[in-house]
Amino acid sequence: MKDIFHGLISSDSIFKNKEVLRPSYVPDILPHREKQIRELASILAPALKGETPSNVFIYGKTGTGKTAVAKFIGKKLMEKGKELGVNTNFVYINCEIVDTQYRVLQNVANHFIKVWEERVPFTGWPTDEVYSRLIQAIDRTKGVAVIVLDEVDKLKGDEVLYNLSRLNYDLNHARTSIIGISNDLKFTEFLDPRVKSSLGQENMVFPPYSADELCDILGERAKHAFKEGVVEDNVIPLCAALAAQEHGDARRALDLLRVSAEIAERNGEKKVTERHVRMAENKIELDRLKEVVKTLPIQSKAVLMAVIIGEKYYDGLTTGEVYNIYRDICKIGGINILTQRRVADLISELDMLGIINARVVSKGRYGRTREIEISAPMKIKEVLEKDESIPDLSNYKPPLQSRLL
DNA sequence: CCTCCACCGGAACTTACGGAGT
DNA sequence: ACTCCGTAAGTTCCGGTGGAGG
């Protein structure tokens, strides 16, 4: 027992630097994004000459390098600014985490206010007070500020955008540029026209990566992440091909590669092979499933549990049968009972999430209903049984029906 | 060909709740 | 502290329907 960690730590790892494979890592080289980098740079360049740069909107699906390019540019801009003696600031905000008007303004403002000065508190100030502090703070820099709003569609209300977009009108000595990043192409359609025109001065679309491009990206990262010769030749093309099937998501490709290598390492193997990639594919899918199930609302969990139980007792499980079992589960667990109409919707939602398969079939005289199937019932059952909101059902038997098996 | 089951699925309505304004 | 929206979740009501069995 003394050495339980031996072989887990000291085993000569196949990784050189695993961090490189994490999605948050910003590499020095971004293959196949040279065009976008140049374009964004040319939009922001006037800033270094003391002119006002345009605001930019960046679209693109997940894992197309939007965030990486934005952060990369930010880094380069800071470097160039220092070189030219221009005061440049780069603020990155993820609107999925910082999602209200007040907190965005607070975050941006505090970026410009030194730690020892009076910072904007988490709560308490009127919003316009925060705004005027922000103006003061930015103006004082007499330089250029680039503010990146990642996942900007997650923002609650478009007033922040309006306020930020008119920053330049209120500034006397400094200049700002807002970069909005979104994976929803239709996002601006629902925006206030004033915001739309001032923020959408420039638009950029990041296309998905092709399999070949993903190969280059993975290859580039693998050079830094792994030791020499531990990854077999066909591994990277396979990861790239699998990710390209989805929608050219680089994040997914990197995850595949990383998880494959982790599996190989844990098995104490010296090389990452195609087999590990297949295992990784399964593991990622299963992890996703487990995560989705875990974060489901209680009602959906109860419905899902009913499906798992019903699937064992009935052949061609129908909505009505699921509903009966669901009602019993709710009674046992003291959960609110919803109407069948609502439960039918929950079943559709579970179907959308890919946890179950529900298709409408007609059984003639015996009505028209959904036939419900479930993938990986045992794994999902495991997750649900650990859930304290779902009661213990080990002694439960579904109601007897004529077509009970 | 007609009937009629057991649901589907649209629509309008009711709570419930959180943020914004005052 | 209070009111006033906007949104999400859920309910009520109901017309619609594919096809086995008569």
Side-chain angles (χ1 to χ4, degrees), chain A residues 93 95-107 109 120-134 149 151-164 166 184 186-187 189-192 194-195 292 295-307 310-311 313-331 333-353 355-374 389-390 398-404:
Chain A
I93 289 180
C95 300
E96 201 176 4
I97 300 158
V98 182
D99 61 354
T100 61
Q101 140 136 295
Y102 184 89
R103 295 191 46 224
V104 169
L105 290 179
Q106 183 220 347
N107 260 271
V120 181
F122 294 104
T123 179
W125 289 12
T127 313
D128 55 340
E129 172 74 20
V130 183
Y131 184 72
S132 58
R133 280 301 173 100
L134 173 62
L149 299 172
E151 316 266 340
V152 69
D153 45 322
K154 300 281 159 53
L155 218 51
K156 306 208 169 107
D158 51 11
E159 262 196 62
V160 214
L161 292 176
Y162 178 63
N163 282 331
L164 288 176
R166 51 171 210 156
D184 184 359
K186 284 184 264 169
F187 173 61
E189 279 179 26
F190 308 102
L191 236 44
D192 188 314
R194 292 172 303 178
V195 180
V292 171
T295 55
L296 241 34
I298 329 168
Q299 291 295 347
S300 302
K301 281 179 185 167
V303 173
L304 189 54
M305 196 60 187
V307 173
E311 184 251 5
Y313 288 91
Y314 303 101
D315 190 21
L317 189 61
T318 68
T319 305
E321 289 156 356
V322 170
Y323 186 65
N324 286 333
I325 302 170
Y326 158 83
R327 261 207 322 243
D328 291 342
I329 293 176
C330 287
K331 275 183 212 150
I335 303 168
N336 258 345
I337 301 174
L338 302 182
T339 53
Q340 180 158 346
R341 177 69 187 84
R342 181 62 189 143
V343 170
D345 278 347
L346 291 180
I347 290 172
S348 309
E349 282 169 27
L350 290 172
D351 183 38
M352 299 271 206
L353 287 169
I355 304 173
I356 62 176
N357 288 317
R359 61 206 161 83
V360 208
V361 289
S362 178
K363 295 178 184 294
R365 166 114 296 179
Y366 306 103
R368 193 162 164 265
T369 182
R370 278 199 181 92
E371 248 181 31
I372 299 156
E373 290 170 335
I374 185 161
S389 59
I390 300 295
L400 223 70
Q401 265 171 259
S402 52
R403 34 182 240 87
L404 192 67

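Order of the sequence lines sets the chain letters (A, B, ...), proteins ahead of strands, with each chain counted from 1.
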Student: Grab the OH-P distance between A:Tyr366 and B:dC7 for me, whole Å please.
Tutor: 14 Å
Student: A:Arg359 CZ to B:dC7 P: how many Å, rounded?
Tutor: 16 Å
Student: Hey, are the side chains of A:Leu161 and A:Leu149 touching, using non-hydrogen atoms and a 4.5 Å cut-off?
Tutor: yes
Student: Quick check: does any side chain N or O of A:Asp351 sit under 3.5 Å from a backbone N or O of A:Ala358, one acting as donor and the other as acceptor?
Tutor: yes
Student: Dump the pairs, protein N or O against N or O of nucleotides 5-11 of chain C, anything under 3.5 Å, distances to one decimal.
Tutor:
from, atom 1, to, atom 2, distance (Å)
C:dG10, OP2, A:Arg342, NE, 3.0
C:dG10, OP2, A:Arg342, NH2, 2.8
C:dT11, OP2, A:Thr339, N, 3.1
C:dT11, OP2, A:Thr339, OG1, 3.1

Student: Starting at the 5' end of DNA chain B, which residue's closest nucleotide do you reach first, A:Gly364 or A:Thr319?
Tutor: A:Gly364
Student: To the nearest 0.5 Å, tell me how far A:Ser362 OG sits from A:Arg368 CZ.
Tutor: 7.0 Å
Student: Within the structure, does a side-chain N or O atom of A:Arg370 lie under 4.0 Å from either OP1 or OP2 of B:dG9?
Tutor: yes
Student: If you assign A:Arg368 and A:Arg365 each to the DNA chain C nucleotide with the nearest heavy atom, which residue ends up on the more 5' nucleotide?
Tutor: A:Arg368
Student: How many angstroms lie between atom CD1 of A:Ile372 and atom CD of A:Glu321, to the nearest 0.5 angstrom?
Tutor: 8.5 Å
Student: How long is the span from the CD1 atom in A:Ile93 to the CD atom in A:Glu151, to the nearest 0.5 Å?
Tutor: 13.5 Å
Student: Using atom CD1 of A:Ile347 as one end and atom P of B:dA6 as the other, report the distance to the nearest whole Å.
Tutor: 17 Å
Student: Can you see if the side chain of A:Thr369 gets near the phosphate of B:dC5 - specifically, an N or O under 4.0 Å from OP1 or OP2?
Tutor: no
Student: The test is side-chain hydrogen bond (donor to acceptor under 3.5 Å, both in side chains); show your working for A:Tyr326 and A:Gln299 and say whether it passes.
Tutor: CA-CA 9 Å; A:Tyr326 158 83; A:Gln299 291 295 347; 2.6 Å; yes
Student: Quickly work out the A:Glu371 CD to B:dA6 P distance and round it to whole Å.
Tutor: 15 Å
